[in-house]
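Chain letters run A, B, ... following the sequence lines, proteins first and then strands; every chain starts at 1.
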Amino acid sequence: MIQQIIFIIVAAAALGYAARQFLRVRRNILLGQDEATTGDPGARWSNVLLVAFGQKKMFKRWIPAVFHFFIYAAFLITQIELIEIFIDGIFGVHRFFASGLGGFYTFVISFIEILSLLAFVATIIFLARRNALKLPRFHKPEMKGWPKLDGNLILIFELILLVGIFSMNGADMVLQSRGVEHYSDTGNLAVSSWLGPALFGGLSDGTLVAVERFGWWLHLIMVFVFLNYLPKSKHLHIVLAFPNTYFARLRPRGEMENMPEIMNEVKSMMGLGDDTGEADLSMEEELPEFGANDVFTMSWKNVLGAYACTECGRCTAVCPANITGKKLSPRKIMMDIRDRAEEIGQRLDSGNKEFARDPEQPLSKENYEDGKSLFDYISREEIHACTTCNACVEACPVLINPLEPILKMRRYEILTESAGPSDWLPMFNSIENQGAAWAMNIDREQWTRE
Amino acid sequence: MTAEGTSPEILFWVGCAGSFDDRAQRITRAFATILQAAEISFAILGNEESCTGDPARRAGNEFLFQMSALQNIEVLNRYEIKKIVTACPHCFNTLKNEYPALGGNYEVIHHTQFLQELIDQGRLKLKEGGTFKGKKITYHDSCYMGRINGVYEAPRSVLAQLDADLVEMKRSRKNGLCCGAGGAQMWKEDEPGDKRINTERVEEALGTGAEAIVANCPFCITMLNDGVTAKEKQESVMVYDLSEMIVNNLQ
Ligand code: SF4
Ligand code: SF4
């Protein structure tokens, strides 16, 4: 009875706190601008199935893909066992499904055990890869401090969780074999039927009961820790990879998002107008802002991408600018957007009027000004180094597009600030005045006269 | 164009590099020669052509892009252009993927695709065993034809006609490494770093032992040329556009 009460309290607290955190993440993502989702939903679902569920893009590199798949599959499938843990916990029963499902139960739990064992091996390999092998993509400047710790912590959590599962099942196996009452027959589980006796065979019944309970609680507590840790971690991708692949852009890669406000303005300047009356950019209004300098002016889909980022660095590893030692790292761009969104989120939650544009009004997305912007995180040098080669877009296993925010920041710089590299000015001038990307003293037909 | 009463099969969009850059002019002439050899009637816009606006747009200058693009679309629509071929992947991409949103809808093909069509249709006859027969060559995928528009096979199948020994670089097709010119980098100094992107790419290309590096983009060709020169290999390794490889082998 006491166990049941403790279970319900712990579960409610953990789930409640997690829900709050997930809602905050959602709020932070929606700090970005609205963007409609157009295009064929069928193509979107196929991205979710192939890229998120099927991890298609991971399989460009077989070895990490297979190990990652073990961990991922074990994660998905243990959720089934979690249902039983909840039922057992609330009603004070033991292995609720075992008697009803019989052989099928043995099969399912054995399957989970095999995957868990594979995941255990994979986790240890990943820990070694992250720390012993000097894979450059795990040791870039943006991976110092918290991101590095985060990557290791999650693997350690995974190990603890697996220890919980195997202690619970292993002790249970031994107790069953001794015919101890209350431990209903589960059949021979694939891993713990040999691992259990090997590890715990010499223990007394009383100790075994304690080990079984310890494993059960450890498993559960780690699940709750995990759930509450996710929103702070790159591991949020196990949730957000799904919406991110669904909302990923379907339009041609080579098409930069059109800016109808500017198009219409130019059309009316050139006398091409579909003259629908008001000139949008009249001088009476506040000067319009173009492009993006902050989370507020990015699309919410860019911010979703930032929260979905796995920090794997596949983008950075193929970025020609990064490869040749430039400061630009597409992964850092996504991490910076997330960090900035977190900063704004925390400041909004603080309710501190210092951050209000108008101190009379409550702090909100619309009424917010902290004197900072994404340019405090991402330097000009970084956005200027991009060749728009799309290698990062191609590489990303969860269909994040790091190029889009870079180009939006370039637009902000040129259109809103009238800044940007001075090297570009002669090109701008000659396009404007001569219709050519270089100032030339020959005409376009010169090549025909030879 | 203005004077002709007949409507040509196709408009050849020459682009800024193809019109003004010495090296790229040679590509333009090569491609025009091929078109004539295949008896394709084509037109050019000449001085009515303007920059597509690609470098302005990628630099972030949307105003300038719109000005340039809308002006071009006006001209193209006035001549009722239906089909455009170009030897520049940046022009190709902008004409094909970006002009529709501004009211310019054309069938746009890149010269590598067009060359493949002509060869497949038998409109272009090549000599048996030309200059490159049995020689090692390598092919550089431009970002704007390759990864961005998914054209990997057309240029390779054209090259296959030359009986050359095509050696792929490790980073090719989807994983092709940029030459460093895109995104308006062509018009500015590099940001601080360890080396130039074209050097990195040329080192890889030279590593294949190829005698010729073939590309499909005037900007890539400038970059690769510079890289080869920086490595002092300009005597032994040539950088060619696909059309130059073909024009040498016309019957
Ligand atoms: S598009 Fe830009 S950021 Fe992405 S890989 Fe290419 S150069 Fe790097
Ligand atoms: S953007 Fe994509 S490829 Fe880059 S680090 Fe994040 S998840 Fe990995």
Side-chain angles (χ1 to χ4, degrees), chain A residues 251-256 258-259 262-263 265-267 269-270 272 290-291 318 320-321 323-328 381-382 384-391 393-394 407 409-415 420-421 423-424 426-428 430-432 435-438 440 442-448 450, chain B residues 14 16-21 25 28-29 32 44-47 49-51 53 55-64 66-68 70-71 74 93-94 96-98 101-102 143-144 147-149 174-175 177-178 180-185 187-197 199-200:
Chain A
R251 302 187 62 84
R253 256 186 205 166
E255 182 188 3
M256 273 178 73
N258 196 28
M259 299 179 78
I262 294 187
M263 179 177 73
E265 172 72 8
V266 173
K267 275 188 178 170
M269 262 166 46
M270 292 171 65
L272 297 168
F290 295 114
V318 294
I323 289 172
T324 55
K326 277 82 177 176
K327 211 176 146 205
L328 172 62
E381 179 182 332
E382 289 164 66
H384 294 164
C386 175
T387 71
T388 71
C389 75
N390 273 268
V393 180
E394 172 65 38
L407 291 173
M409 290 181 77
R410 281 192 181 178
R411 279 178 165 171
Y412 187 87
E413 203 181 30
I414 300 271
L415 299 169
D423 286 352
W424 279 339
M427 181 256 288
F428 291 161
S430 54
I431 293 182
E432 185 167 351
W438 293 277
M440 297 306 297
I442 57 171
D443 68 73
R444 279 193 184 258
E445 293 172 14
Q446 201 226 31
W447 64 272
T448 60
E450 197 163 298
Chain B
V14 183
C16 296
S19 305
F20 300 125
D21 181 78
Q25 279 187 357
T28 308
R29 285 191 207 104
I44 55 167
L45 286 179
N47 291 318
E49 185 186 292
S50 288
C51 173
R57 188 172 231 197
R58 270 134 199 95
N61 197 336
E62 185 72 5
F63 263 105
L64 193 51
Q66 294 283 349
M67 279 166 53
S68 226
L70 289 167
Q71 191 183 332
E74 207 203 357
N93 179 69
T94 298
K96 178 174 194 279
N97 294 322
E98 298 193 321
L102 279 65
C143 304
Y144 274 77
R147 206 157 30 235
I148 294 173
N149 283 293
K174 274 186 180 165
N175 305 320
L177 182 76
C178 179
Q185 295 298 329
W187 287 268
K188 63 187 267 299
E189 290 298 319
D190 290 357
E191 300 305 317
D194 306 333
K195 61 153 90 151
R196 304 204 64 200
I197 296 172
T199 311
E200 169 86 11

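When each of A/M256, A/R253, A/E382 is checked for heavy-atom pairs under 4.5 Å with chain B, A/M256 comes out on top. Ranked by non-hydrogen atom pairs under 4.5 Å with chain A, the options B/C143, B/C51, B/G18 are led by B/C51. Chain B forms the most heavy-atom pairs under 4.5 Å with one residue out of A/L415, A/T387, A/V318, and that residue is A/T387.
Heavy-atom distances place the side chain of A/L407, and not its backbone, under 4.5 Å from chain B. In this structure, chain A has a heavy atom under 4.5 Å from the side chain of B/Y144, while its backbone stays farther away. At a 4.5 Å heavy-atom cutoff, the contact between B/A17 and chain A is made by backbone and side-chain atoms alike. Looking at A/E413, there are no atoms closer than 4.5 Å to chain B (heavy atoms on both sides), in backbone or side chain. Within the 4.5 angstrom heavy-atom criterion, only side-chain atoms of A/M269, from C-beta onward, approach chain B. Proximity to chain A is limited to the side chain of B/L177, based on heavy atoms less than 4.5 angstrom apart. Both the backbone and the side chain of B/Q71 come within contact range of chain A, each with at least one heavy atom under 4.5 Å from a heavy atom of that chain. In this structure, chain B has heavy atoms under 4.5 Å from both the backbone and the side chain of A/M259. Contacts of B/N149 with chain A are absent, with no heavy-atom separation under 4.5 Å from either backbone or side chain. Contact of B/S68 with chain A is made through the side chain alone, with heavy-atom distances under 4.5 Å. Contact of B/E200 with chain A is made through the side chain alone, with heavy-atom distances under 4.5 Å.
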Step-by-step side chain to side chain contact (heavy atoms under 4.5 Å, CB included) determination, B/L64 to A/I414: CA-CA 11 Å; B/L64 193 51; A/I414 300 271; over 6 Å; no
Side chain to side chain contact (heavy atoms under 4.5 Å, CB included) between B/Q66 and A/N258, worked out: CA-CA 9 Å; B/Q66 294 283 349; A/N258 196 28; 2.8 Å; yes
Side chain to side chain contact (heavy atoms under 4.5 Å, CB included) evaluation trace for A/M427 with B/K188: CA-CA 9 Å; A/M427 181 256 288; B/K188 63 187 267 299; over 6 Å; no
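No side-chain heavy atom of B/L45 sits less than 4.5 Å from a side-chain heavy atom of A/R444. Between B/K195 and A/I323 the shortest side-chain heavy-atom distance does not fall below 4.5 Å. Counting heavy atoms from C-beta on, the side chains of B/N61 and A/E432 never come closer than 4.5 Å. With contacts defined as side-chain heavy-atom distances shorter than 4.5 Å, the pair A/T324/B/D190 does not qualify. You'll find the side chain of A/R410 stays beyond 4.5 Å of the side chain of B/R57, heavy atoms only. In this structure, the side chains of B/E191 and A/L328 stay at 4.5 Å or more apart for every pair of heavy atoms.
Taking each heavy atom of A/P320 and B/I197 in turn, the nearest pair found is O-CG1, 3.7 Å. Summarising the geometry of A/A437 relative to B/C16, their closest heavy-atom pair is N-SG, 3.4 Å, with the distance given to 0.1 Å. Considering every non-hydrogen atom in both A/A436 and B/F20, the closest pair reads CB-CE1, 3.3 Å. Closest heavy-atom contact between A/W447 and B/A32: CZ3-CB, 3.7 Å. Closest heavy-atom contact between A/I431 and B/A56: CD1-CB, 4.2 Å. Here the shortest heavy-atom pairing between B/A101 and A/E255 reads CB-OE2, 4.1 Å.
For B/E62 and A/R411, the salt-bridge test passes: some basic side-chain N is under 4.0 Å from an acidic carboxylate O.
Under 3.5 Å, the side chains of B/N175 and A/E394 contain no donor-acceptor pair of N or O atoms.
B/Q25 contributes atom CD, which lies 4.5 Å from atom CD of A/Q446 (distance to the nearest 0.5 angstrom). Interatomic distance, CZ of B/R196 versus NZ of A/K326, reported as 7.5 Å (0.5 Å rounding). Note that CE of A/M263 and CG of B/L102 are 5.5 Å apart. Values are rounded to the nearest 0.5 Å. Rounded to the nearest 0.5 angstrom, A/F428 CZ and B/W187 CH2 are separated by 10.5 Å.
A donor-acceptor pair under 3.5 Å is absent between the side-chain atoms of A/W438 and the main chain of B/D21, judged by distance alone. B/N93 contributes a side-chain N or O that, together with a main-chain N or O of A/G254, makes up a donor-acceptor pair within less than 3.5 Å. In terms of modelled atom types and a separation under 3.5 Å, the side chain of A/N390 and the main chain of B/I148 share no donor-acceptor contact.
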